[in-house]
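In what follows, a single structure is set out as structure tokens and then discussed.
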Amino acid sequence: VSAAGLLASAWGLVQALQGMEPYSTLGNRNFFATFAMCALPVSLFLARREAGEKRIAQTIFQGLTAVLCLGALMLCKSKAAWLALAFGGVLLLVVRRRWIPVVILLAAGLLLFRFGPTDGLVNEFMRDVRPYLWEGAWNIGWSNPLYGTGLGRFFIEIPGYRQGEYFLMEKSADTTLHAHNDYLEMFAETGWIGLALFLVFAGLMLRRLCLSLHAGRGKAISGTLLAV
């Protein structure tokens, strides 16, 4: 994970220095941001472990990976990736029963949302095409609620569920491949059955990681939990 994070982030930084949109080898800056966001906590916790065992070379490698992943996140400007990282951090603190930091972070988030410069974010969200795609995916799912329309059929079905206002948006497109929300897209393509199976699988994986963390199996488990 760390080696892949290092190479992908380094290539994304090279693209940014050349004036290109940083997407590394993933073809989309949001996909790249998600990958960097997952690799960041793993490399951070591994760097901490290696430093504790006084492995200098490994500590430098993991630290460099974390720095590059953080730089990639900043260049991608993906708000969802930052939000996911913050949510994962709070979840990790909850699992480890660190209640005081959890309360502080939640209070800071509420204060920032209430008194911070959120008007620009709200206006940007209102001008975005995603809410129309989310509504369309939701309606597709409810048209076939049990088992969906079939994997890979979102781009085929969505034209019949897009509102006319969608084409007034700056970033509208004739062909829409994805819903920009994996849960809604899964609901649209596989219905409640497919979505439930995915959530059960994710829940079991998180439960296993939490049990491993409570069993004291090391800092790498903490990074993996935060990444997931």
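Treat the numbers as computed from the prediction; the structure is a model and nothing was measured.
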If you round to the nearest 0.5 Å, how far is [atom2] of [Y] from [atom1] of [X]?
X	Y	atom1	atom2	value
I140	R153	CD1	CZ	10.0 Å
E135	I158	CD	CD1	9.5 Å
N28	T34	CG	OG1	8.5 Å

Is there side-chain contact between [X] and [Y], with at least one heavy-atom pair below 4.5 Å?
X	Y	answer
Y161	S143	yes
L177	T175	yes
F35	L26	yes
S78	L73	no
Y132	R162	no
Y183	L199	yes

_Go through it in stages, so that I can follow the logic: the residues are T25 and F32, the test is side chain to side chain contact (heavy atoms under 4.5 Å, CB included), and I'd like the CA-CA distance, side-chain angles, deciding distance and then a yes or no._
CA-CA 8 Å; T25 59; F32 179 34; over 6 Å; no
Main-chain N/O of [Y] paired to [X] side chain as donor or acceptor, under 3.5 Å:
X	Y	answer
E50	Q58	no
R29	C76	yes
T149	A188	yes
N181	L184	yes
Q62	F45	no

Locate the shortest heavy-atom distance separating [X] from [Y]; write the atom from each residue and the value.
X	Y	result
S24	A8	OG-O, 2.7 Å
L44	A66	CD2-CB, 3.7 Å
G63	A47	N-CB, 4.0 Å
A16	L75	CB-CD1, 3.7 Å
A10	L68	CB-CD1, 4.3 Å
A72	L13	N-CD2, 4.3 Å

*Enumerate the residue pairs fulfilling side-chain hydrogen bond (donor to acceptor under 3.5 Å, both in side chains) with a member in residues 185-195, sequence neighbours excluded, ordered by first and then second residue.*
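Applying side-chain hydrogen bond (donor to acceptor under 3.5 Å, both in side chains) to every pair that reaches into residues 185-195, excluding sequence neighbours, yields H178-E185.
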*Specify whether W138 and F187 have parallel, tilted or perpendicular ring planes, treating 30° as the upper limit for parallel and 60° as the lower limit for perpendicular.*
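Taking F187 first and then W138, their aromatic rings sit tilted (interplane angle of 30° to 60°).
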*List the steps and the verdict of side chain to side chain contact (heavy atoms under 4.5 Å, CB included) for N144 and L146.*
CA-CA 6 Å; N144 301 272; L146 191 59; over 6 Å; no
Do [X] and [Y] sit in one hydrophobic cluster, given that two such residues count as connected whenever their side-chain heavy atoms are within less than 4.5 Å of each other, even indirectly?
X	Y	answer
W142	L195	yes
L151	F198	no
L64	F61	yes

_D182 CG: over 12 foreign heavy atoms closer than 6.0 Å_ =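 No, CG of D182 has 12 or fewer neighbouring heavy atoms, counting only those of other groups under 6.0 Å.
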